[in-house]
Chemist: 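One structure is given below, represented as structure tokens, and several questions about it will come after.
Just so you know, these numbers come straight off a predicted model, no measurement behind them.
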Amino acid sequence: MELTPANLMQMLRATLVAPRQAAAQVLRFGFAPSVGWMALMLMAVASALLTHISFALMPPEVQAVWGPAMASPVRTAILQWAV
């Protein structure tokens with residue numbers, strides 16, 4: 001299977017409708033384990049980036065409560081990766 005935009009959209013739909021079959025399809029690609037680890041790191045970095053952007057848009061009262069937890073994007077990315 002080629003990774004074209006149309007195929008990716010089809011896989012996205014399959015993930016929402018039948019997640020087990022979609023996961024089995026991705027596993028059949030036979031990616032090396034290092035690819036999975038890189039995908040996990042990319043997810044953690046992207047999630048941390050979006051978290052910090054949304055945190056910057058929150059009111060100051062909310063920022064005061066969550067300030068210590070959001071002190072470092074690196075810390076947030078490590079937490080996202082661990083979870």
Chemist: Listing request: all side-chain hydrogen bond (donor to acceptor under 3.5 Å, both in side chains) pairs with a residue in residues 49-61, at least two apart in sequence or in separate chains.
Modeler: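 Listed once each, the pairs are H52-T76.
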Chemist: Do M43 and L49 share a hydrophobic cluster, counting only Ile, Leu, Val, Met, Phe, Trp and Tyr and linking them when any side-chain heavy atoms are less than 4.5 Å apart?
Modeler: no
Chemist: Over all heavy atoms of both residues, which pair between P73 and A48 is shortest? Give the atoms and the distance, please.
Modeler: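 That would be O-CB, 3.9 Å.
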Chemist: Nearest 0.5 Å, please: how far is OG1 in T15 from CZ in R20?
Modeler: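 If we round to the nearest 0.5 Å, R20:CZ and T15:OG1 are 14.0 Å apart.
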Chemist: At what distance, to the nearest 0.5 angstrom, does OG1 of T4 lie from CD of Q10?
Modeler: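 T4 atom OG1 to Q10 atom CD measures 8.5 Å (nearest 0.5 Å).
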Chemist: Which pair of non-hydrogen atoms, one from A77 and one from A44, has the smallest distance, and what is that distance?
Modeler: O-CB, 3.5 Å
Chemist: If you take all heavy atoms of M58 and Q63, which pair is closest and at what distance?
Modeler: O-NE2, 3.1 Å
Chemist: For residues M38 and F29: do they belong to one hydrophobic cluster (side chain heavy atoms under 4.5 Å, members Ile, Leu, Val, Met, Phe, Trp, Tyr)?
Modeler: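 Same cluster: M38 reaches F29 through Ile, Leu, Val, Met, Phe, Trp or Tyr contacts under 4.5 Å.
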Chemist: Looking at Q25 and M11, would you say the former's side chain and the latter's main chain have a donor-acceptor pair under 3.5 Å?
Modeler: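 Side chain of Q25 to backbone of M11, a donor-acceptor pair under 3.5 Å: no, none is there.
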Chemist: Please enumerate all residues that pass ring pair (Phe, Tyr, Trp, His ring centres under 6.0 Å) together with F55, with sequence neighbours excluded.
Modeler: none
Chemist: Could you list the residues that satisfy side chain to side chain contact (heavy atoms under 4.5 Å, CB included) with W37, not counting sequence neighbours?
Modeler: L40, W81
